[in-house]
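Structure provided below as structure tokens; questions to follow.
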Number of protein chains: 2
Amino acid sequence: MREAGVDARKRRILQAIIEDYVLTALPVGSRTISRKYETSLSSATIRNEMSDLEEMGYLAQPHVSAGRVPSHKAYRLYVDGLLQNGFAVNDDAKGFFTSQIRQMEDVVTSAAHAIAELTHYTAVVMMPKQLEQRISCLQLVPMPRGAALLVIVTDTGAIRDTVIKVSDRLDSDALFAISRLLTERLAGRTLQEVQEMLGVYARMDGPDARVLEGIASLAAQMEKQSAQDTVIIGGSHNILSYPEYSDVEKARAFLTALEKKDQLTRLLSHHEAPFMVHIGGESGIPDMQDCAIVTAGYQVGKGHRGAIGVIGPARMPYLQVLSTLGAVSEALTELLGE
Amino acid sequence: MREAGVDARKRRILQAIIEDYVLTALPVGSRTISRKYETSLSSATIRNEMSDLEEMGYLAQPHVSAGRVPSHKAYRLYVDGLLQNGFAVNDDAKGFFTSQIRQMEDVVTSAAHAIAELTHYTAVVMMPKQLEQRISCLQLVPMPRGAALLVIVTDTGAIRDTVIKVSDRLDSDALFAISRLLTERLAGRTLQEVQEMLGVYARMDGPDARVLEGIASLAAQMEKQSAQDTVIIGGSHNILSYPEYSDVEKARAFLTALEKKDQLTRLLSHHEAPFMVHIGGESGIPDMQDCAIVTAGYQVGKGHRGAIGVIGPARMPYLQVLSTLGAVSEALTELLGE
DNA sequence: GTTAGCACTCTCGCTCGTTGAGTGCTAACG
DNA sequence: CGTTAGCACTCAACGAGCGAGAGTGCTAAC
């Protein structure tokens with residue numbers, strides 16, 4: 001056994017192979033490298049190097065007389081290099097949000113669509129959970145026919161509303177008075193506290209029982225929805241463009257796995273570094289064994305963190321994807337920062 | 001040339017062929033019919049009848065020694081029969097909504113998902129346009145950090161909100177006073193009128209300019225969104241389950257055509273009869289030449305009409321689909337009726 | 001260490017029988 | 001006259017066999 005190091009030349013060759021394969025999706029041969037990338041070396045030399053790289057586990061041959069295909073280990077090396085050396089974010093991508101932003105949900109969905117559009121991959125965006133939201137304001141807005149719209153706003157700026165029935169004797173002034181009273185009593189409490197308090201009030205069974213009930217159910221809903229991370233998916237059928245998924249069965253398995261968002265949630269919610277790349281089995285999602293999942297974190301307010309990402313075949317232009325994600329993540333951090 | 005009528009026996013045979021083909025997606029031969037459906041007739045007799053039916057354009061042969069496949073004309077005949085004879089709605093489907101309904105949008109999306117789930121096809125639901133909505137109430141809800149949530153409610157029960165910045169000197173009482181004033185001035189006006197009126201106010205450039213601006217933009221947005229029919233799509237990748245779309249290219253074309261919702265909108269917005277079935281080219285959508293689109297209308301309030309539907313290969317269990325759509329349409333009419 | 005040359009391997013695409021399903025036609029039957 | 005049995009015929013699907021081409025590993029020379 002000879003030396004086990006990956007010297008600079010091997011690295012260059014490996015990179016060339018990866019980049020060619022990302023472009024063509026075809027096994028790449030020694031001649032291709034010798035002519036297109038390392039013109040100073042002959043194909044025979046490349047062959048020797050490739051043979052070494054194969055032995056080290058960076059390359060694989062679909063069959064003996066085909067070219068080489070980069071292994072997941074190769075992508076890993078390549079990506080680690082990118083992450084270390086850094087890369088420029090793609091500023092074009094930053095202006096891609098057309099806004100029309102209503103609230104967090106809207107930002108997040110439009111981010112998912114933007115990423116999918118920009119990268120032509122499947123995009124995932126995690127909306128971070130917001131523990132311990134405190135009520136900031138409660139308001140009843142009159143609606144036609146004895147109904148009212150109950151709006152709850154929390155200190156983090158989350159808004160949720162629901163339509164409830166109220167006595168039709170209550171005009172807008174009365175509703176405002178109630179709103180005021182409720183806000184006074186409930187402002188500053190966490191969603192959980194509110195639910196507990198209302199459990200007590202509810203027994204009184206006054207004329208406002210329906211209102212209180214509405215608040216309780218809305219608070220419960222908000223808490224449930226905010227206690228768990230939510231993942232939004234965009235461009236799910238972009239995957240069909242790639243030869244890796246020309247097999248319909250595989251495509252279907254992929255799309256079905258996407259539906260079950262819990263696995264993705266698990267992956268995205270433990271997001272630490274600014275960028276992460278899960279190649280192949282590293283993601284732990286069985287139906288995405290051949291996929292790479294590239295993710296970037298973003299900051300929302302103080303302390304809360306979310307993540308955005310892209311899912312596609314392991315053969316992926318990592319540099320480009322990373323720089324796009326970087327840009328969107330920055331835009332998102334800015335947008336949600338305040 | 002012999003007689004051109006489709007007698008009862010031909011009809012029965014045709015129906016058998018359709019039903020078998022819907023099940024198997026395989027060309028059906030004379031022997032199959034003779035053994036599984038018309039046991040009193042020999043395969044030779046069936047062959048003669050099939051030959052007639054082919055001449056009349058109801059059947060086609062993929063190649064000379066394959067069985068027969070029903071033509072679009074055959075489906076048309078079959079469906080017309082179903083529509084004339086009537087069918088029972090599938091009551092199981094009616095209870096499928098788990099509610100959690102916030103407002104119209106929610107009803108409509110959950111309907112789309114329910115239909116997709118129930119039929120295993122791609123579901124489309126049209127939210128009808130609502131011309132001439134009149135403002136019923138305007139309300140500013142205080143939010144942290146000098147922001148406010150502006151909520152507009154119309155007489156049809158549509159709700160829209162947006163976050164705007166306001167002077168942070170305005171407390172909840174002040175906001176209520178403004179809300180009251182605005183409601184007084186604007187209630188009963190159409191969205192269009194409101195926009196016109198605000199054009200005048202805006203020139204005054206008072207401290208509330210931002211509020212008025214917010215109202216105007218929200219009204220514009222509501223009007224834009226309600227003036228055109230909106231189509232929601234659910235279960236778009238169900239199509240991948242069908243052998244007709246085992247070709248990825250076809251699947252991709254289909255999904256891309258789905259994205260361009262305008263063609264579907266055109267189809268759904270001219271919905272007259274309670275049920276309609278567009279087979280093959282009848283839909284006028286090029287990328288859905290081999291599809292059938294089954295739609296059902298529903299009633300929302302007085303006069304407004306929407307439509308729900310299912311898109312899949314022309315080979316479709318029409319009876320089942322129609323009865324499911326019937327049920328959902330009824331449920332929807334009930335839910336949105338009041 | 002690099003390179004030219006060469007034998008070798010294996011996929012891909014092609015052709016060519018073979019098989020089997022299903023038809024159309026004809027002649028016989030009730 | 002409608003129905004049926006029988007039979008020849010057609011054609012897709014499948015698999016085997018073959019040649020071409022791409023790409024390799026190895027060896028020997030530079």
Side-chain angles (χ1 to χ4, degrees), chain A residues 1-3 5-14 16-17 20-21 23-71 243 246-247, chain B residues 1-14 16-17 20-21 23-71 243-244 246-247:
Chain A
M1 202 175 276
R2 207 89 62 71
E3 185 150 3
V6 184
D7 59 30
R9 194 173 72 177
K10 278 193 175 50
R11 232 194 186 81
R12 276 205 323 276
I13 293 176
L14 191 55
I17 294 174
D20 200 80
Y21 185 67
L23 242 58
T24 65
L26 260 35
V28 10
S30 54
R31 242 178 92 82
T32 313
I33 300 300
S34 146
R35 289 217 289 201
K36 287 209 293 182
Y37 300 89
E38 296 284 325
T39 42
S40 63
L41 295 177
S42 81
S43 65
T45 311
I46 308 286
R47 269 206 292 285
N48 290 328
E49 296 288 48
M50 282 165 96
S51 179
D52 290 354
L53 284 168
E54 177 166 10
E55 203 178 350
M56 298 183 209
Y58 291 107
L59 293 178
Q61 282 184 296
H63 55 269
V64 59
S65 88
R68 294 327 205 274
V69 164
S71 70
S246 62
D247 178 18
Chain B
M1 201 176 272
R2 210 91 58 75
E3 187 150 4
V6 183
D7 59 31
R9 195 172 72 177
K10 279 193 175 50
R11 233 195 186 81
R12 276 206 321 276
I13 292 176
L14 191 56
I17 294 173
D20 200 80
Y21 184 68
L23 242 59
T24 64
L26 260 35
V28 11
S30 53
R31 242 179 90 83
T32 313
I33 300 300
S34 145
R35 288 218 289 202
K36 286 211 291 185
Y37 299 88
E38 296 283 327
T39 42
S40 63
L41 294 178
S42 81
S43 66
T45 310
I46 307 288
R47 269 206 293 286
N48 289 330
E49 295 288 48
M50 282 165 97
S51 180
D52 290 355
L53 285 167
E54 178 166 11
E55 205 177 347
M56 299 184 210
Y58 291 107
L59 293 178
Q61 280 183 297
H63 53 270
V64 60
S65 89
R68 297 317 207 282
V69 163
S71 70
E244 280 85 346
S246 62
D247 179 16

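Quick note on labels: first sequence line is chain A, next is B, and so on, each numbered from 1.
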| said: From CZ of B/Arg9 over to C1' of D/dG2, roughly how many Å is that when rounded to an integer? | reply: 8 Å
| field | Nucleotide nearest A/Met50 (side chain, heavy atoms from C-beta), chosen from D/dA22, C/dA21, D/dT24 | value | D/dT24
| query | Once you round it to whole Å, what is the distance between P of C/dG22 and CG of B/Asn48? | reply | 17 Å
| query | Can you check the B/Glu49 CD to D/dT3 P distance for me, whole Å? | reply | 7 Å
| Pair partner, C/dG5 [Watson-Crick or wobble, under 3.5 Å] | D/dC26
| query | Given atom CD of A/Gln61 and atom C1' of C/dT11, what is their separation to the nearest angstrom? | reply | 13 Å
| task | Look at the side chain of A/Arg47 against the base of D/dG25 and say whether a donor-acceptor pair falls under 3.5 Å; ignore hydrogens and angles. | result | yes
| What is the distance, rounded to the nearest whole Å, between atom CD of A/Glu55 and atom P of D/dC26? | 11 Å
| field | Touch class at under 4.0 angstrom, heavy-atom based, for A/Ser34 against every strand present | value | nothing
| Whole-Å distance separating the CG atom of B/Leu53 from the P atom of C/dG24 | 12 Å
| query | Tell me: NE2 of B/His63 to P of D/dA12, nearest whole Å? | reply | 6 Å
| query | Which nucleotide, C/dG20, C/dC10, D/dT24, lies nearest any side-chain atom of A/Arg68? | reply | D/dT24
| said: If you assign A/Ala66 and B/Thr45 each to the DNA chain D nucleotide with the nearest heavy atom, which residue ends up on the more 5' nucleotide? | reply: B/Thr45
| query | Nearest nucleotide by nearest heavy atom, which residue falls closer to the 5' end of DNA chain D, B/Ser43 or B/Val64? | reply | B/Ser43
| If you look at every strand shown and take non-hydrogen atoms under 4.0 Å, does A/Ser40 touch a base, only sugar-phosphate, or nothing? | sugar-phosphate
| field | Rounded interatomic separation in angstrom, taking CG from B/Asp52 and P from C/dC25 | value | 11 Å
